[in-house]
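Inspection log for the structure reproduced underneath, given as structure tokens.
Counting starts at 1 for both ligands and their atoms, following the listed order. Side chains included, hydrogens not; waters and symmetry mates left out as well; all remaining heavy atoms used. Along the sequence shown, residues are numbered consecutively beginning with 1.
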Amino acid sequence: MVEILSAAGMRAREAAAIAGGAVTGLALMERAGAEVVAAIFEVWPELGPDLARDPAAEPRRAAVLCGPGNNGGDGFVVARLLHDLGWRVEVFLLGDPARLPPDARRNHDLWAARGPVRPYLDAGAAGAFALDPALWREDSLLVDALFGIGLTRPLRAGLAAARLSRDTEFRLPQGAPRGQVAGCRVVAVDIPSGLCADTGRVLRAPDLPTDWAPFTADLTVTFHAPKIGHLTAEGPAHCGRLVVRPIGL
Ligand SMILES: NC(=O)C1=CN([C@@H]2O[C@H](COP(=O)(O)OP(=O)(O)OC[C@H]3O[C@@H](n4cnc5c(N)ncnc54)[C@H](OP(=O)(O)O)[C@@H]3O)[C@@H](O)[C@H]2O)[C@@H](O)CC1
Ligand SMILES: [K+]
């Protein structure tokens, strides 16, 4: 019988494991990020690290969008791991590094020793990953680590996410499916950002443009068990292929 969890149910599992001394939050975050990377290479072996790549070949690109909480923390882990495998990684942060929770801040700092952390707003405006078609190829990755199961309040129009999503809509090649980001594969960390993990609905404030939608991920990697929101309402349409990976809970 597959266990399906609510956000609170997952948080309770994590808290119990941490309180019991079995694991730390930082270790869970490292495992989560590592499981996202492992799932990427399992689902898309053609991107795998073990393939002998022609050293003269253009390194693969990834843009990692990190949010203000621990979902963003997972994103910093993914960025670091891909970078250390030779990928060219760009990281954008929605929010203030000084306000990141401790585990996410630690992983922010580990990434920052490897490369810049660009303000996400750049991305919405003219940032490099505004998907310059000349730079982005089918084997490039966009990693959505903006919000996970901690999204508590409806998303507002001012949020860069709305701008990014709409921007990418404008860059779609003719006939590409709506919400699909031009020229690369989208990986959602834990859940496509903007979806409520308990209902599968977009948490939208009245001023959020009605055509704003979460990313249509090609792959969603969640941890320990599927959440209700992956399987209900708008969840399935936005998750793409859902992969559940253990993190030792
Ligand atoms: N040990 C663990 O916990 C592990 C957690 N893991 C990972 O952490 C994720 C859960 O992390 P999380 O609880 O920090 O929540 P997350 O989804 O990052 O977002 C919360 C942030 O968003 C903000 N925010 C909310 N609504 C908003 C809005 N409308 N507009 C703007 N901001 C808004 C909110 O702000 P606040 O509500 O506090 O003001 C807060 O800053 C989980 O999905 C998994 O990926 C894994 O590493 C495994 C171990
Ligand atoms: K996410």
What class does the angle between the rings of His83 and Trp111 fall in, given that below 30° is parallel, 30 to 60° is tilted and above 60° is perpendicular?
-> perpendicular
Would you mind listing which atoms of ligand 1 come within a distance below 4.0 Å of any non-hydrogen atom of Thr152?
-> 25 (C), 26 (N), 37 (O)
Using modelled atom types only, decide if a donor and an acceptor are shared between the side chain of Asp218 and the backbone of Gly240 within a distance under 3.5 Å.
-> no
Close N or O approach (Gly150, ligand 1; < 3.5 Å) | yes
Taking N or O atoms only and a 3.5 Å limit, does Glu14 qualify as a polar contact for ligand 1?
-> yes
Decide if atom CZ of Arg114 counts as having more than 12 heavy atoms of other residues, nucleotides or ligands within a radius under 6.0 Å.
-> yes
Is there side-chain contact between Leu94 and Phe147, with at least one heavy-atom pair below 4.5 Å?
-> yes
Examine Pro154 against ligand 1 and note whether any of their N/O atoms are separated by less than 3.5 Å.
-> yes
Per atom 39 (O) of ligand 1, closest listed option by heavy atom (Arg11, Arg31, Arg153, Met10) = Arg153
Which atom, among the N/O/S set of Asp144, is closest to the K ion (ligand 2)?
-> O
Polar atom proximity, Gly25 to ligand 1 (N or O, under 3.5 Å) | no
Salt-bridge criterion met for Arg60 and Glu46 (N-O under 4.0 Å) | no
Could you tell me if any non-hydrogen atom of Pro101 lies under 4.0 Å from any atom of ligand 1?
-> no
Going by the order shown, which atoms of ligand 1 are within less than 4.0 Å of some heavy atom of Leu28?
-> 49 (C)
State the atoms of ligand 1, each with its element, that fall below the 4.0 Å cut-off from a heavy-atom position in Ile149.
-> 17 (O), 42 (C), 43 (O)
May I ask you to check whether Gly67 brings an N, O or S atom to under 3.4 Å from the K ion (ligand 2)?
-> no
Would a 4.5 Å heavy-atom cut-off, applied to side chains only, mark Phe76 and Leu110 as touching?
-> no
Sort out for me which residue in Leu249, Val244, Val189 forms a side-chain contact (heavy atoms from CB on, under 4.5 Å) with Phe223.
-> Val189
Leu155: numbered ligand 1 atoms lying under 4.0 Å from its heavy atoms = 29 (N)
Any N or O on Phe147 sitting closer than 3.5 Å to an N or O of ligand 1?
-> no
Taking every non-hydrogen atom, the tightest pair across Ala27 and Thr24 = N-OG1, 2.9 Å
Provide the number and element of each atom of ligand 1 under 4.0 Å from a heavy atom of Met29.
-> 47 (O)
Around atom CZ of Arg245, are there more than 12 heavy atoms of other residues, nucleotides or ligands at under 6.0 Å?
-> yes
Whether Ile191 has an N, O or S atom under 3.4 Å from the K ion (ligand 2) = yes
Presence of salt bridge, Asp109 and Arg105, under 4.0 angstrom = yes
Check each of Thr222, Asn70, Ile247 against atom 11 (O) of ligand 1 and report the one with the nearest heavy atom.
-> Asn70
Taking the side chain as every heavy atom from C-beta outward, state whether Phe215 and Thr220 have any pair of such atoms under 4.5 Å apart.
-> no
So, is Phe147 placed with an N/O/S atom under 3.4 Å from the K ion (ligand 2), counting both backbone and side chain?
-> yes
Metal-centred angle, OD1 of Asn71 through the K ion (ligand 2) to OG of Ser193, rounded to 10 degrees = 100°
Per-atom contacts of ligand 1 with Gly148, taking only distances under 4.0 Å to non-hydrogen atoms = 16 (P), 17 (O), 43 (O)
Decide yes or no for Leu47 and Arg185: does some side-chain heavy atom of the first lie under 4.5 Å from some side-chain heavy atom of the second?
-> yes
